[in-house]
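Worksheet: one structure, shown below.
Computation of the quantities below employed the complete heavy-atom set of this structure, encompassing side-chain atoms and omitting hydrogens, waters and symmetry-equivalent molecules. In what follows, chains carry the letters A, B, and so on, assigned in the order in which the sequence lines appear, proteins first and then strands, with residues in each chain numbered from 1. All values derive from a computational prediction rather than experimental measurement.
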2 protein chains.
Amino acid sequence: MSRQQSPSIKMVADRAGVSVATVSNVLNGKPTVSPDFARRVNDAVRELGYVVDLGASRLRSRKAQLAGVVVPDLTNPMFASFVSTLEHLARLADYDLVVVSARNNAEEEADRLRKIRAWRPAGLIVIPCDGAFAERLPDGFFAPVVLADRIPDAAGFDLIAVDNGPSAGAIAAHLDQQGYEDCLVVGTSLSISNIRERWEGVRASAKHMRVEMLEIGIDDAHGAQLLEERLRHRPLPGALFSLDQGTTLLTYCTMAEIGLSVPGDIAFASFDEMEWMRLVTPGITTVRQPVEEMAEQAWALLLRRMTGSAGKPVTRRLRCAVEIRGSTPRNPLEEAGKLKLGGRKWKLQGEPYSPE
Amino acid sequence: MSRQQSPSIKMVADRAGVSVATVSNVLNGKPTVSPDFARRVNDAVRELGYVVDLGASRLRSRKAQLAGVVVPDLTNPMFASFVSTLEHLARLADYDLVVVSARNNAEEEADRLRKIRAWRPAGLIVIPCDGAFAERLPDGFFAPVVLADRIPDAAGFDLIAVDNGPSAGAIAAHLDQQGYEDCLVVGTSLSISNIRERWEGVRASAKHMRVEMLEIGIDDAHGAQLLEERLRHRPLPGALFSLDQGTTLLTYCTMAEIGLSVPGDIAFASFDEMEWMRLVTPGITTVRQPVEEMAEQAWALLLRRMTGSAGKPVTRRLRCAVEIRGSTPRNPLEEAGKLKLGGRKWKLQGEPYSPE
DNA sequence: AGCTTACAATAAATCGTTTCACCAGAGTTT
DNA sequence: AAACTCTGGTGAAACGATTTATTGTAAGCT
């Protein structure tokens with residue numbers, strides 16, 4: 001199978017009867033070319049189906065309209081949506097995007113980061129696997145990096161994230177108000193800064209309610225076991241608050257399996273909304289993260305950095321929306337009268353803040 | 001902000017005190033280099049943090065370990081999972097992947113296809129937006145193309161898809177057996193070959209049951225209206241079968257809104273499983289597509305094509321799994337005794353087939 | 001006419017790599 | 001010792017584009 005070569009700028013030049021420089025000038029919209037020649041070049045381009053070779057073009061011009069994106073897991077709808085938005089924005093700015101997934105694996109992330117350098121991107125947007133991201137970034141990395149969603153241990157990075165603490169705190173305050181006396185808070189690990197911030201937000205906002213943290217780790221099988229143990233133990237807490245997406249699904253399924261009903265036996269709330277949460281009955285009370293906005297902010301910041309804006313690293317926190325649903329009704333054990341709760345929306349007030 | 005240049009092979013050569021050719025030989029594992037020189041080169045590479053420039057490397061060597069992937073929508077979990085699997089496989093074969101999303105828009109797809117040529121990929125895997133894909137492929141496209149999931153109007157492409165007809169037929173046969181007398185089948189549009197195949201599968205397999213097709217189009221708002229109209233009309237069909245992911249969500253929500261209960265008022269089944277379908281009560285009967293397998297087959301085929309295997313276009317159909325759940329119980333209107341239905345799994349029998 | 005200026009098109013240098021032809025020196029064969 | 005063959009290394013030519021410097025031509029000015 002003799003595969004036909006893609007046409008080069010030289011073939012276009014030959015066919016149009018001009019020099020390659022002229023073809024390049026036409027294609028790049030340089031003003032110093034006569035309409036007649038431009039037409040001939042454009043005809044030849046169309047006839048041959050010529051498309052510029054990005055590799056060669058970038059090599060010579062040294063301007064890389066190219067950015068890299070690294071996410072922990074493309075199959076997570078939140079990250080997928082993040083990438084999709086970025087892709088759209090990049091296209092508008094006439095940038096190309098190289099997207100890679102670390103498949104939830106720090107080693108693979110390190111590998112991808114090394115590999116992505118080979119593309120010579122003008123900038124990078126990364127949602128890091130974990131806090132130790134800085135160690136995995138090849139040192140002397142040549143392009144600006146904007147981190148999103150997850151907070152690195154090391155300082156010195158541009159960062160766009162959500163206000164984990166206040167948002168988780170809002171859920172805790174809500175549960176508090178609903179009259180629950182104790183709440184089990186479940187998350188993968190406090191070594192992940194997101195989870196830590198959320199847990200601290202809960203602790204700070206639970207006025208009367210007792211709170212207890214359970215770390216179940218990232219291994220699903222082991223986590224399910226820990227969780228089941230705790231949920232079979234008595235007394236059962238009045239409410240359960242799950243701090244991340246993976247944990248939420250695991251918790252929800254585990255409760256169903258061992259026959260705990262929501263909210264009859266236990267109230268349930270989660271951080272990070274998923275589609276099904278408004279489809280199940282009752283709906284799940286949750287914190288919805290502004291993914292599109294996060295992508296927009298990250299892109300805007302990276303674009304500024306790529307076009308030369310210097311300055312101290314920026315941290316920006318975005319507000320989440322809190323969705324109160326049927327899974328966290330007024331505590332039925334309480335003597336107080338019943339309170340009707342619909343799909344009421346509860347937005348946090350005030351302006352976003354940028355610490356330091 | 002004077003951004004530091006990425007080191008080039010020349011700097012490595014200078015630092016190691018050898019020629020650039022030698023550095024290249026070391027990096028590409030050519031055997032004709034002494035251990036002593038190899039060590040010196042490797043040291044220099046490490047000290048400078050040198051990473052090869054993919055653009056330049058590919059330009060010169062003309063071997064493009066690069067494949068393109070075009071999907072209609074990255075936020076669709078099925079496509080996201082498809083891409084994620086491909087990415088993993090590509091990495092194993094030491095290929096790079098350029099992933100783009102057409103954002104459910106044929107024009108954007110055409111644009112992306114044109115743009116992706118600029119990367120000079122050695123091959124392409126495409127899940128087309130619609131049947132008219134062939135018209136959008138720049139003619140004389142230079143690299144092998146493997147299509148997946150959706151069937152193009154034009155022949156002549158390698159294709160990996162699922163057995164839409166038999167799988168949808170299995171659902172229809174199930175509903176038939178459960179004693180439903182009529183079934184409303186809902187899909188976006190019969191102009192999409194997937195939907196057409198599924199509808200034909202339903203028609204062929206419904207023995208006693210009357211079936212009726214409702215096309216609601218791709219515009220969600222308009223579709224919801226059409227659907228609501230039909231669902232408020234009487235008599236209500238005993239069962240509803242939704243043929244694609246978008247339609248399913250729309251249908252499920254619409255039914256909830258106008259107060260139809262599943263399966264009390266109407267039984268419900270769907271093509272294309274989503275996570276929430278096993279979380280809601282009752283679970284939704286559905287057809288689960290083998291996404292990972294589809295990605296594996298597509299990659300294997302593309303790899304063969306990229307390494308020169310010629311031959312007639314191949315069509316391969318993969319088997320789906322049918323998940324029977326509580327949303328399609330034995331028809332309560334029937335006189336016959338109740339039948340207990342759990343989360344029973346029902347796999348299709350037999351071997352995959354390759355028509356023609 | 002003679003000189004400058006402006007314009008349009010081109011030749012040639014260049015980007016960072018790989019590859020190919022070649023070379024120096026050591027070892028082997030006659 | 002001359003004529004080979006290896007071996008391990010290098011210089012320089014590509015690859016396909018962009019950019020810079022240069023050329024040739026026509027028009028404008030004195």
Side-chain angles (χ1 to χ4, degrees), chain A residues 4-42 44-45 48-66 94 96 115 117-122 142, chain B residues 3-42 44-45 48-66 96 115 117-122 142:
Chain A
Q4 157 189 351
Q5 273 294 330
S6 207
S8 78
I9 197 174
K10 178 139 197 327
M11 299 183 197
V12 176
D14 288 349
R15 176 174 263 258
V18 300
S19 71
V20 295
T22 302
V23 177
S24 175
N25 285 335
V26 172
L27 263 40
N28 296 298
K30 295 282 159 57
T32 69
V33 54
S34 71
D36 179 43
F37 272 60
R39 201 184 39 71
R40 272 159 61 194
V41 168
N42 284 322
V45 165
L48 292 173
Y50 171 75
V51 174
V52 71
D53 182 318
L54 264 183
S57 166
R58 249 212 307 280
L59 171 60
R60 174 58 233 231
S61 71
R62 312 188 65 84
K63 50 178 78 109
Q65 298 270 82
L66 176 69
D94 206 33
D96 288 297
K115 181 85 196 198
R117 283 193 63 179
W119 290 98
R120 301 288 188 267
F142 50 95
Chain B
R3 192 127 58 241
Q4 156 189 354
Q5 273 293 332
S6 206
S8 75
I9 198 174
K10 177 137 198 329
M11 300 183 194
V12 176
D14 289 349
R15 176 173 263 260
V18 300
S19 71
V20 295
T22 302
V23 177
S24 176
N25 284 337
V26 172
L27 263 40
N28 295 298
K30 295 281 161 56
T32 67
V33 53
S34 71
D36 178 43
F37 273 59
R39 200 184 41 70
R40 273 159 58 194
V41 168
N42 284 324
V45 165
L48 292 174
Y50 170 75
V51 175
V52 71
D53 182 318
L54 264 184
S57 167
R58 250 211 308 277
L59 171 59
R60 174 59 235 232
S61 70
R62 314 187 63 83
K63 50 179 80 110
Q65 298 269 81
L66 175 70
D96 288 298
K115 182 85 196 196
R117 283 193 62 178
W119 290 102
R120 301 287 188 267
F142 50 95

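A donor-acceptor pair is defined here as one N or O able to donate and one able to accept, closer than 3.5 Å; no such pair exists between the side chain of B:S57 and the backbone of B:D53. A:R62 contributes no side-chain N or O that, together with a main-chain N or O of A:L59, makes up a donor-acceptor pair within less than 3.5 Å. Without hydrogens or angle criteria, A:R40 side chain to A:A16 main chain gives a donor-acceptor distance under 3.5 Å.
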- Task: For the pair B:S24 and B:N28, evaluate side-chain hydrogen bond (donor to acceptor under 3.5 Å, both in side chains) and give the outcome as yes or no after the intermediate values.
- Result: CA-CA 6 Å; B:S24 176; B:N28 295 298; 3.2 Å; yes

- Message: For a side chain to side chain contact (heavy atoms under 4.5 Å, CB included) check, start with the C-alpha distance between A:K115 and B:D96, then their side-chain angles and the critical distance, and finish with the verdict.
- Response: CA-CA 9 Å; A:K115 181 85 196 198; B:D96 288 298; 3.1 Å; yes

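Taking 4.0 Å as the cutoff to heavy atoms of chain A, we find the contact window on DNA chain C bounded by C:dA8 to C:dT17.
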- Item | Annotated protein contacts, base or backbone, on nucleotides 10-22 of chain D with a non-hydrogen cut-off under 4.0 Å, one of B, S, - each | BB-BBBBBBB---

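Each of B:I9, B:V12, B:V51, B:V52 was scored for a side chain to side chain contact (heavy atoms under 4.5 Å, CB included) with B:V45, with one residue passing: B:V12.
With contacts defined as side-chain heavy-atom distances shorter than 4.5 Å, the pair A:F37/A:V26 does not qualify.
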